[in-house]
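Each remark here refers to the structure printed beneath this line.
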Amino acid sequence: MSIQPSKTEEVREELRAASSIAVLTGAGISEESGIPVFRGSDGLWKQYRAEDLATPEAFARDPRLVWEWYDWRRSRIAAARPNPAHEALVLLENHCPGFALITQNVDGLHDLAGSRHVIKLHGDIWTLRCQHCGTVKSDRRVPLPEIPPRCACGGLLRPGVVWFGEALPPAAWQAAVQAAESCALFLVVGTSAVVYPAAELPMLAKHRGAKLIEINFEPTALTPLADYSFVGKAGEMLPQLVS
Ligand code: BJW
Ligand code: ZN
């Protein structure tokens, strides 16, 4: 799908002129890299129940089941490469001094694409965290060991991600709020914007006077608030806006 030329040019100009830009990405930006999204007809939550896999209660009840699901997710992600949407955001970072990239994704594809400062709201699938002492370590094994290993302190290691009912990492959340409150332009890419508190960020930015631009495959609850809304694939739309 291509964008109306006049609208494209207007947004390209907005991006060029903005003194500061904050971007919030969601699972949709990695969809064209072959990583399944959560919601929608092909989404992970159609096949699996979030309560069984993405809550601390689920891990306490059946750590092996949750562990296996993350092992499967890791193998999908390990085979994936960044797509033109991830790459366009690297370009944007290189051309805008006041740039902040906030992601809900745990896949690490922004890092792999070359984005330098990624604010990760929901953690990182390539880390493990000790349930007892909180130590976080990088772990890129695929496949994972069959059962969750133990930390040096004896505590059980778990995926270093944020599950429902858990607080977001405070430093990441503070950095995201600061970026949303101070940016001139807020760009939202590939998120259904239904998971809080991440979904507050575009509204926070808008209330502080930022221009709101959305790119999504379909309209969302944010669309009526957006100054510009592009309906289409991030990997096609973003490069057109940023090139
Ligand atoms: C494309 C595309 C293409 C596709 N191009 N676009 C009632 C009201 C409000 C809040 C709550 C409530 N009840 C409970 C809550 C809180 C809860 C919440 O928000 N629930 C709602 C779902 C109702 N939130 C939490 O629990 C959070 N914590 C919290 O609130 O803590 C409070 C607290 C404070 C102090 C102490 C203790 C607690 C935590 C949320 C954690 C979310 N975790 C997950 C899993 C992460 C780990 C993992 O990956 O395994 O995060 S769930 C999942 O959803 C994942 C995602 O990051 C997140 C958001 O999903 P996203 O990215 O938006 O993906 P989709 O699939 O929803 O959308 C994809 C979009 O892309 C679609 O719109 C497509 O159209 C589009 N698209 N292809 C462009 N090619
Ligand atoms: Zn430990």
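Given the structure is predicted, the values throughout are model-derived calculations rather than measurements.
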*Glu146, CD: over 12 other non-hydrogen atoms inside 6.0 angstrom*: no
*If you round to the nearest 0.5 Å, how far is CD1 of Ile77 from CZ of Arg140?*
10.0 Å
_Using the rule that Ile, Leu, Val, Met, Phe, Trp and Tyr join whenever any side-chain heavy atoms are under 4.5 Å apart, tell me whether Leu44 and Trp163 fall into a single cluster._
yes
*Apply side-chain contact (heavy atoms from CB on, under 4.5 Å) to the pair Val142 and Trp126, showing each step before the final yes or no.*
CA-CA 10 Å; Val142 178; Trp126 300 113; 3.7 Å; yes
*Side chains of Glu31 and Phe217: does their closest heavy-atom pair fall under 4.5 Å?*
no
*Do Ser229 and Thr223 get their side chains close enough for a donor-acceptor pair, meaning under 3.5 Å?*
no
*How about Val11 and Leu15: do any of their side-chain heavy atoms sit closer than 4.5 Å?*
yes
*Scan for side-chain hydrogen bond (donor to acceptor under 3.5 Å, both in side chains) pairs involving residues 186-202, sequence neighbours excluded, and state none if there are none.*
Gln104-Thr191
*asked:* Looking only at the side chains, is there a donor atom on one of Ser243 and Arg12 sitting less than 3.5 Å from an acceptor on the other?
replied: yes
*Would you check if Leu109 and Thr103 make a side-chain contact, meaning some heavy-atom pair closer than 4.5 Å?*
no
*Taking Arg74 for the side chain and Leu144 for the main chain, is one N or O donor matched with an acceptor at less than 3.5 Å?*
no
_Keeping Asp124 on the side-chain end and Gly108 on the backbone end, is there a donor-acceptor pair under 3.5 Å?_
no
*Rounded to the nearest 0.5 Å, what separation is found between the CG atom of Asp111 and the CG atom of Leu101?*
9.0 Å
*Go through the steps for Val23 and Thr25 under the test side-chain contact (heavy atoms from CB on, under 4.5 Å), then give the verdict.*
CA-CA 6 Å; Val23 183; Thr25 64; 4.0 Å; yes
*Given side-chain contact (heavy atoms from CB on, under 4.5 Å), test Asp71 with Trp67 step by step and report yes or no.*
CA-CA 6 Å; Asp71 186 38; Trp67 193 249; 5.6 Å; no
*Are any of the side-chain heavy atoms of Leu121 and Val162 separated by less than 4.5 Å?*
no
_Residue pair Glu218 / Asn216, side-chain heavy-atom distance below 4.5 Å_ = yes
_Glu214 CD to Leu24 CG distance, which is reported to the nearest 0.5 Å_ = 10.0 Å
Identify all side-chain donor-acceptor contacts of residues 183-190 below 3.5 Å with residues at least two apart in sequence or on another chain.
none

*For Arg158 and Val161, indicate whether the former's side chain and the latter's backbone hold a donor-acceptor pair under 3.5 Å.*
yes
*Can you tell me if His86 and Ser30 form a side-chain donor-acceptor pair at under 3.5 Å?*
yes
_A side-chain contact here means heavy atoms from C-beta on lying under 4.5 Å apart; do Lys120 and Val106 qualify?_
no
*Can you label the angle between the Trp69 ring and the Trp45 ring as parallel, tilted or perpendicular, going by 30° and 60°?*
parallel
*asked:* Main chain of Glu236, side chain of Gln240: is a donor-acceptor contact present, judged purely on distance under 3.5 Å?
replied: yes
*Do NZ/NE/NH1/NH2 and the carboxylate oxygens of Glu57 and Arg49 come within less than 4.0 Å?*
no
*Between Ile119 and Ala175, which heavy-atom pair has the shortest distance, and what is it?*
CD1-CB, 3.8 Å
*Between atom OG of Ser115 and atom CD of Glu93, what is the distance when rounded to the nearest 0.5 Å?*
5.0 Å
*In Å and rounded to the nearest 0.5 Å, what is the CG to OG distance from Asn83 to Ser33?*
3.5 Å
*asked:* Under 6.0 Å from the ring centre and within 45 degrees of the ring axis: does the NZ or CZ of Lys211 meet both conditions for the six-membered ring of Tyr228?
replied: no
*Starting at CZ of Arg81, measure out to CD of Glu87 and round the result to the nearest 0.5 Å.*
10.0 Å
*Under the side-chain contact (heavy atoms from CB on, under 4.5 Å) rule, what do Val195 and His122 come out as? Steps first, then yes or no, please.*
CA-CA 11 Å; Val195 174; His122 293 164; 4.1 Å; yes
*For Asn105 and Ala27, indicate whether the former's side chain and the latter's backbone hold a donor-acceptor pair under 3.5 Å.*
yes
_Side chains of Phe230 and Leu238 in contact at under 4.5 Å (non-hydrogen atoms)_ = no
*Specify the closest pair of heavy atoms between Pro84 and Gly235, including all atoms of both residues, with the distance to one decimal.*
CB-O, 3.5 Å
*asked:* If you define the side chain from C-beta out and look only at heavy atoms, does anything of Phe99 sit under 4.5 Å from Ser20?
replied: no
*Can you check whether Ala171's main-chain N or O pairs, donor with acceptor, with Gln174's side chain at less than 3.5 Å?*
no
*asked:* If the threshold is 4.0 Å, N to carboxylate O, is there a salt bridge linking Arg141 and Asp139?
replied: yes
*asked:* For Arg61, is the CZ atom crowded, meaning more than 12 foreign heavy atoms sit under 6.0 Å from it?
replied: yes
*Can you tell me if CD on Gln178 sees more than 12 non-hydrogen neighbours from other groups inside 6.0 Å?*
no
*Counting only heavy atoms not in Leu112, do more than 12 sit closer than 6.0 Å to its CG atom?*
yes
